[in-house]
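Note that the structure is a prediction, hence the values are computed from the model and not measured. Proteins come first, then strands; the chains are lettered A, B, ... in the order of their sequence lines, and each starts at number 1.
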Number of protein chains: 2
Amino acid sequence: MNTYARRPSSKDIARLAGVSQATVSRVMSGHPHVREETRERVLAVMRAANYQPNAMARAMKTQLSGTVGVVVSRITNPVVPEILQGLGVQLSRLGRHVIVWNTDSDGEDGVVSAIRQSVVEGLVFTAARAGSAALTAALEHRVSTVLLNRTVVDAACDQVSADNHGGAERLARYLVGAGRRRVALVNGPLDRSTLREREAGLRAGLAVTGLGIAREHYVSAPFVHEVFRDSAMRMMALPEPPDVICCGNDVIAMGVLCGLRASGRRVPEDVWVTGFDGIEMAGWDLFDLTTVRQPMDRMVALAVERLVARQAAPERAPELTRFETELVVRGTTAHTPATH
Amino acid sequence: MNTYARRPSSKDIARLAGVSQATVSRVMSGHPHVREETRERVLAVMRAANYQPNAMARAMKTQLSGTVGVVVSRITNPVVPEILQGLGVQLSRLGRHVIVWNTDSDGEDGVVSAIRQSVVEGLVFTAARAGSAALTAALEHRVSTVLLNRTVVDAACDQVSADNHGGAERLARYLVGAGRRRVALVNGPLDRSTLREREAGLRAGLAVTGLGIAREHYVSAPFVHEVFRDSAMRMMALPEPPDVICCGNDVIAMGVLCGLRASGRRVPEDVWVTGFDGIEMAGWDLFDLTTVRQPMDRMVALAVERLVARQAAPERAPELTRFETELVVRGTTAHTPATH
DNA sequence: TGCCCGAATGAATACGTATGCACGCCGCCC
DNA sequence: GGGCGGCGTGCATACGTATTCATTCGGGCA
């Protein structure tokens, strides 16, 4: 076997099968007007020669690269791998490859140039602000685009998210109903629509019963574990510490839990803690975190569905879908004086 | 502005600048034999027309797709995002895009077909067994390949890993020196070279002082949180429970810690626990996990370096590099009766 | 028997870029 | 002053596939 020979092309297959290159192409694409006998002969030669079409050449011809881009921020947040896994399953099933950009560390340049150079035929944004250069470029170049777990008002693309506002409101009602009165909020940067919506929902839910969030019980900080940790410690050292610390997402809550552990506070005896997202780790015994779960699997599936639907019908009106959330009560908010 | 016009090609630029398409191509690739005045005229036209070369056409011509594949298993293991982030930084700096495959959920088919269809011009394997179809395909098709954090004996490609054996040996000496005698090991599947090497190193380190691992103090199980959790609970319920539970990696250790918490055991008073990897989360207060850290940043950087070096010189002899590890002692193994 | 339609196939072309080859020009050196 | 070499540029072609157009062939129907 000559391992140095170049890979066979459709021309080689054609020659070996005694047909034209066009026929080989038709066999590949399942064209109807090919005689059964011819088709089988060509397929036999393909198998024998171990033929695989050249993806680049095909992409140039069809203007379809077969790859979909996924834009994430902070890939080290465990919710991101969960999303990536889901997207990988769905998209590989459709024969698409997945290119990943982490805007926090790589910036947006790579995404923008990939869009402009037609490297991707679709994009899933898991991170996008309103003025994001990458999102703008995607829409300008008419690349099929979906926002997943992020919303941008008036963006001309499909959006799939959870009902963050409603979920947070429900959480507020639960907490107030269980007797909590001094509610704190530790949040991440508010350029994330998710975190904004959750904050608004929480405030709205509290406002119904006349409650609010004291100035010293509120933090919006960049995503750094130690910052959330220290915020919790500082709040608990106040003359009037909170009786529950709500967090913008599960990872923030983990930072808060660490701060409480470090300062010797007990959860839930001294203070309650809640997260948001419902990542798998939140259920581990060491966290046992009460949280609001979004049905990420279904969200991912719909996002992919919308993505391919838009490729088929580019001019279809954009849709925004929000999934219902589910309150998951665990040990960080238990009523009973647990051993936690 | 006509947003429906097709993207300008190098031919369009050539026409507008009054030069041949070849000259445009030469300007793009920084060819030396282009007059300064001409170059600037072409560049001006490019800017005016917002020209971006078509990546697919370029890829077909040069046989270089500009994308590098990364094969991972279990993307939800936090060590994987840390690796992906590092690879993303390094590779995007080189203008490469990163395609990610998660073999646990997607299987290897996508990787294999991508290799055979020339979708990737390089591959980083973070997951690979000896007989892996993807690795075999990569080597057969002479794609530039690096194994990162995995080793496969006799594989004809560069390999970058840590000194797992030595690190585990050192860990064993530390534990024995601190008085531990009943050492348990909770490990993952042994088709991972990393886990195999760590186990061998630990056993070797213990053997020096005549110690071993009792049969009932050993587990090798698939990667499921609950399984590790239950293993710890079961071991501690034995007539002779271990006085330290070593784990194949940090995530396993977290499962073990959860099991100990669930069964009311205290760490390190009742039993010590150690991990391996040195992921960031291991340092969080809630885990405070003693572990063996591998210098992942430097490993990633070298892997990328080797990848591009091999592209430049395909016939260079493969190298295997192992980085020194560092024992990080934290609260799960503290000598002093801590409040932990 | 003649005609028409559809099935099956081949020839030719296009996609956008990179590059080998050829050609003209200029400056330098003998 | 003539030859030579290097710079700057254009022409032509190739990469591998998809697709349009043309051609052939066979069968059914009038």
Classify the nucleic acid contact of A:Thr38 as base, sugar-phosphate or nothing, counting any heavy atom under 4.0 Å across all strands shown.
-> sugar-phosphate

B:Gln117 atom CD is separated from D:dC15 atom P, nearest whole Å, by 20 Å

Hey, does A:Ser25 reach any base, or is it just sugar-phosphate, or nothing, if we go heavy atoms under 4.0 Å?
-> base

Is there a donor-acceptor contact under 3.5 Å linking the side chains of B:Arg150 and B:Ser161?
-> no

Pairing of B:Glu40 and B:Arg47 as salt bridge, 4.0 angstrom limit | no

Tell me which nucleotide among C:dT9, C:dG16, D:dT17 gets nearest to the side chain of A:Ser10.
-> D:dT17

Could you state the CD1-P distance from A:Ile13 to D:dT17, rounded to the nearest angstrom?
-> 9 Å

Please determine if a side-chain N or O atom of B:Arg58 lies less than 4.0 Å away from the OP1 or OP2 oxygen of C:dA18.
-> yes

Classify the nucleic acid contact of B:Thr62 as base, sugar-phosphate or nothing, counting any heavy atom under 4.0 Å across all strands shown.
-> sugar-phosphate

Grab the NZ-P distance between B:Lys61 and C:dT19 for me, whole Å please.
-> 7 Å

Using heavy atoms to find the nearest nucleotide of DNA chain D for B:Val19 and B:Met60 separately, return the residue whose nucleotide is more 5′.
-> B:Val19

For the side-chain hydrogen bond (donor to acceptor under 3.5 Å, both in side chains) test, which of B:Arg306, B:Gln159, B:Arg298 pairs with B:Thr321?
-> B:Arg306

Side chains of A:Phe223 and A:Pro189: closer than 4.5 Å at any heavy-atom pair?
-> yes

Looking across every strand, which nucleic acid part, if any, lies under 4.0 Å from B:Val24 by heavy atom: base, sugar-phosphate, or nothing?
-> nothing

Nearest-nucleotide 5' precedence on DNA chain D, B:Val34 against B:Ala57 | B:Val34

Compare side-chain N and O positions of A:Tyr51 against OP1 and OP2 of D:dG16 and report whether any pair is under 4.0 Å apart.
-> no

